[in-house]
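Before any comments, here is the structure.
The analysis underlying the following values was restricted to heavy atoms, covering all of them including side chains, and did not include hydrogens, waters or symmetry mates. Fair warning: this is a prediction, and the values are worked out from it, not measured in the lab.
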Amino acid sequence: MPEPDPRAAIRARARELGFDVVRFTRASLPDSAGKGLDQFLTLKCHGTMDWLAQNADRRARPDVLWPEARSAIVLGMNYGPADNPLDESNPAGRGLISVYARGDDYHEIIKPKLKALARFTVENFGGDVKVFVDTAPVMEKPLAQAAGVGWQGKHTNLVSREFGSWLFLASILTTLEIEIDAPEQDHCGTCRRCLEICQTAAFPSPYRIDARRCISYLTIEHKGHIGTEFRTAIGNRIYGCDDCLAVCPWNSFASASREARLQARAELVSPELGELSLLDDASFRALFRKSPVKRVGRDRFIRNVLIAIGNSGDPGLAEHARRLLADMSPLVRAMAVWALAQLLDQAEFAKLRDKYLPLEDDTEVQGEWLHDLPADTGNVRRRTQ
């Protein structure tokens with residue numbers, strides 16, 4: 001009696017669980033994946049994402065991470081938006097949240113499905129398994145390309161001929177020997193749209209990214225003050241940036257996500273900046289209780305909101321920034337000062353500086369108050385940019 005075919009059964013069960021792509025490859029990666037990671041880390045392009053440097057040797061080598069693994073089941077879940085984010089009107093006074101964060105946290109959606117598929121695999125075909133969804137040292141994009149899910153585009157994200165740039169990735173390593181699929185080829189051609197649309201020049205060359213210049217990194221991963229050279233370019237993006245994804249021509253073949261929990265919540269599409277600035281810790285956690293936005297915390301999020309307020313060109317929003325000059329967080333106070341410097345005339349700003357600067361004990365916030373003054377003004381240390 002022939003052995004049952006795990007590929008067909010696993011693929012069918014994965015689709016039942018809600019995965020849109022199911023492919024198979026070896027539990028290993030070419031040396032080029034590790035070399036690319038080494039260069040990225042050596043040049044410090046990962047910024048403050050120290051977790052990327054941890055276990056770098058295992059991150060680029062699934063066979064080192066788990067020597068017993070023989071095969072990888074690579075899965076994709078479509079989170080495509082109903083409309084192109086670049087077509088949104090983004091009226092003044094409203095913020096822009098990345099498509100992936102407008103619905104529920106994808107980790108909470110994918111993990112149970114992934115574990116269910118892993119159990120199904122073991123129960124029906126034996127072997128041992130380990131599951132990964134963006135939370136463990138596995139380079140999922142090179143693995144996905146090896147499995148034929150898509151290819152890493154010039155913006156370094158995965159591109160699919162069927163789903164464009166809108167795929168969440170997950171994988172299962174298994175000790176089973178499973179027939180592999182053909183890898184995907186690069187179909188970017190001469191297109192450079194993703195590189196040219198970037199407002200902060202985060203791509204030093206095709207297929208390379210300097211995360212320290214990326215708006216998604218700055219508004220999500222970066223925990224400190226955002227440098228002045230990036231603030232205007234951030235515009236009204238208050239969590240992430242979809243520009244390089246959304247401009248990809250392969251999105252013309254994409255469709256909206258079939259997973260209801262990944263679809264945008266109305267209150268997270270173009271939310272009002274003034275209302276967001278009022279959020280305290282409790283109301284922030286309540287609004288974003290199911291969203292990945294909750295992971296940045298209230299202070300970093302309000303930092304982003306204040307940058308968007310400063311870029312709004314709307315003096316009517318100045319009162320929201322002024323109210324935050326006495327906030328408990330220096331991160332918030334500093335960006336409140338910067339926002340007011342963009343919205344108020346010099347005389348109004350000077351009055352606020354005279355009132356609040358003598359009370360300020362944080363050097364970063366002091367630096368924002370003194371940023372445009374002569375270098376010998378006062379005894380307060382100026383921040384150098």
Criterion salt bridge (charged side-chain N to carboxylate O under 4.0 Å, His left out) on Glu184 and Arg161, from CA distance to verdict: CA-CA 10 Å; Glu184 181 59 283; Arg161 286 187 285 177; 3.1 Å; yes
Please determine whether side chain to side chain contact (heavy atoms under 4.5 Å, CB included) holds for the pair Phe288 and Val296, giving the CA-CA distance in whole Å, both sets of side-chain angles, and the decisive distance to 0.1 Å. CA-CA 10 Å; Phe288 296 110; Val296 303; over 6 Å; no
Show your reasoning for whether salt bridge (charged side-chain N to carboxylate O under 4.0 Å, His left out) applies to Glu196 and Arg192. CA-CA 6 Å; Glu196 293 168 353; Arg192 294 177 54 88; 3.8 Å; yes
Test log, rule side chain to side chain contact (heavy atoms under 4.5 Å, CB included), inputs Ile302 and Asp299: CA-CA 5 Å; Ile302 299 300; Asp299 294 348; 5.9 Å; no
Under the criterion side chain to side chain contact (heavy atoms under 4.5 Å, CB included), I'd like the reasoning laid out for Leu287 against Val293: C-alpha separation, chi angles, the key distance, then a yes or no. CA-CA 9 Å; Leu287 177 61; Val293 177; over 6 Å; no
List the steps and the verdict of side chain to side chain contact (heavy atoms under 4.5 Å, CB included) for Lys113 and Met77. CA-CA 11 Å; Lys113 297 177 183 294; Met77 183 174 289; 3.6 Å; yes
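Linking Ile, Leu, Val, Met, Phe, Trp and Tyr whenever their side-chain heavy atoms come within less than 4.5 Å leaves Leu169 and Ile180 in two separate clusters. In terms of hydrophobic clustering, with Ile, Leu, Val, Met, Phe, Trp and Tyr side chains grouped at heavy-atom distances under 4.5 Å, Leu357 and Leu340 are assigned to a common cluster. A continuous path of ILVMFWY side-chain contacts below 4.5 Å connects Phe253 to Trp151, so both sit in one hydrophobic cluster. Tracing side-chain contacts under 4.5 Å through hydrophobic residues (I, L, V, M, F, W, Y), one never reaches Phe230 starting from Ile197; they form parts of separate clusters. In the hydrophobic clustering of this structure, Val22 groups with Phe168; members are Ile, Leu, Val, Met, Phe, Trp, Tyr whose side-chain heavy atoms approach within less than 4.5 Å, directly or through other members.
Ser277 places a side-chain heavy atom less than 4.5 Å from the side chain of Leu324. Side-chain contact between Val337 and Leu325 is present, with heavy atoms from C-beta onward closer than 4.5 Å. The closest side-chain heavy-atom distance from Pro271 to Ile238 is below 4.5 Å. Side-chain contact between Glu68 and Asp128: absent, with no pair of heavy atoms (C-beta onward) separated by less than 4.5 Å. Using a 4.5 Å heavy-atom cutoff, the side chains of Ile172 and Leu114 are in contact. For the pair Cys214/Ile209, a side-chain contact is recorded, criterion being any heavy-atom separation below 4.5 Å from C-beta on. Side-chain atoms of Pro249 and Cys191, non-hydrogen and from C-beta on, do get closer than 4.5 Å to each other. Between Cys244 and Phe203 the shortest side-chain heavy-atom distance falls below 4.5 Å.
Side-chain atoms of Glu368 do not come within 3.5 Å of backbone N or O of Met335 as any donor-acceptor pair. Of the possible donor and acceptor atoms, none in the side chain of Ser160 sits under 3.5 Å from a partner among the backbone N and O of Gly150. With hydrogens and angles disregarded, no donor-acceptor distance shorter than 3.5 Å links the side chain of Arg231 to the backbone of Ala339. With hydrogens and angles ignored, the 3.5 Å screen pairs no side-chain donor or acceptor of Arg102 with any backbone N or O of Ala264. Here the side chain of Lys154 pairs a donor or acceptor atom with the backbone of Gly189 at under 3.5 angstrom. Asp327 places no side-chain N or O within donor-acceptor distance of the main-chain N or O of Val332, the cut-off being under 3.5 Å. A distance-only check finds no donor-acceptor pair linking the side chain of Arg298 to the backbone of Asp280 [under 3.5 Å]. Listed for the Gln342 side chain is a donor-acceptor partner under 3.5 Å among the backbone atoms of Trp338. A donor-acceptor pair under 3.5 Å is formed between the side chain of Asn304 and the backbone N or O of Thr219. Side-chain atoms of Arg23 come within 3.5 Å of backbone atoms of Ala182 as a donor-acceptor pair (strictly under, hydrogens ignored).
Residues Phe284 and Phe301 place their aromatic rings such that the two centres sit under 6.0 Å apart.
The pair Arg285-Asp281 meets the salt-bridge criterion, since a charged nitrogen lies less than 4.0 angstrom from a carboxylate oxygen. By the 4.0 Å N-to-carboxylate-O rule, Glu348 lies too far from Lys351 to be salt-bridged with it. Between Glu108 and Lys294, none of the side-chain N atoms (NZ, or NE/NH1/NH2) sits under 4.0 Å from a carboxylate O, so this pair counts as no salt bridge.
Separating the CG atom in Leu218 from the CD1 atom in Ile226 is a distance of 5.5 Å, to the nearest 0.5 Å. Here CZ of Arg333 is found 10.5 Å from CG of Leu359. Values are rounded to the nearest 0.5 Å. Note: Ser71 OG to Arg7 CZ = 10.0 Å, rounded to the nearest 0.5 Å. The line from CZ of Arg11 to CG of Leu117 is 11.5 Å long, rounded to the nearest 0.5 Å. Ile307 CD1 to Ile234 CD1: the interatomic distance, rounded to the nearest 0.5 Å, is 4.5 Å. The CD1 atom of Ile73 sits 12.0 Å away from atom CZ of Phe132, with the distance rounded to the nearest 0.5 Å.
Residue Asp83 places its CG atom among 12 or fewer non-hydrogen atoms of other residues, nucleotides or ligands, all under 6.0 Å distant. At most 12 non-hydrogen atoms from other residues, nucleotides or ligands lie less than 6.0 angstrom from CZ of Arg193. More than 12 heavy atoms of other residues, nucleotides or ligands lie within 6.0 Å of CZ in Arg265, so this atom counts as buried by the packing criterion. For Lys115, the NZ atom is loosely surrounded, since the number of other residues' heavy atoms within 6.0 Å does not exceed 12. Heavy atoms from other residues, nucleotides or ligands lying under 6.0 Å from CZ of Arg323 number more than 12.
Thr228 and His371 are not linked by any side-chain donor-acceptor pair at a separation below 3.5 angstrom, with hydrogens and angles left out of the test.
Aromatic ring orientation, Phe120 versus Phe125: perpendicular (interplanar angle above 60°, classes split at 30° and 60°). Ring geometry, Tyr100 versus Tyr79: the interplanar angle exceeds 60°, so the pair is classed perpendicular (tilted spans 30 to 60°).
Within the structure, every pair that satisfies the side-chain hydrogen bond (donor to acceptor under 3.5 Å, both in side chains) test and touches residues 245-262, not counting sequence neighbours, is listed here: Asp20-Arg258, Trp166-Asn251, Glu259-Arg261.
In terms of heavy-atom proximity, Ile215 sits nearest to Ala233 at CD1-O, 3.8 Å. Between Ser171 and Glu140 the shortest heavy-atom distance is OG-OE2, 3.8 Å. Contact between Asp105 and Pro292 at its shortest, heavy atoms only, is CA-CD, 3.6 Å. When all heavy atoms are compared, the tightest approach of Asn311 to Gly235 is ND2-O, 3.0 Å. Of all heavy-atom pairs between Ala69 and Ala27, the closest is CB-CB, 3.8 Å. Shown here for Pro204 and Asp210, the closest heavy-atom pair between the two residues is CD-N, 3.9 Å.
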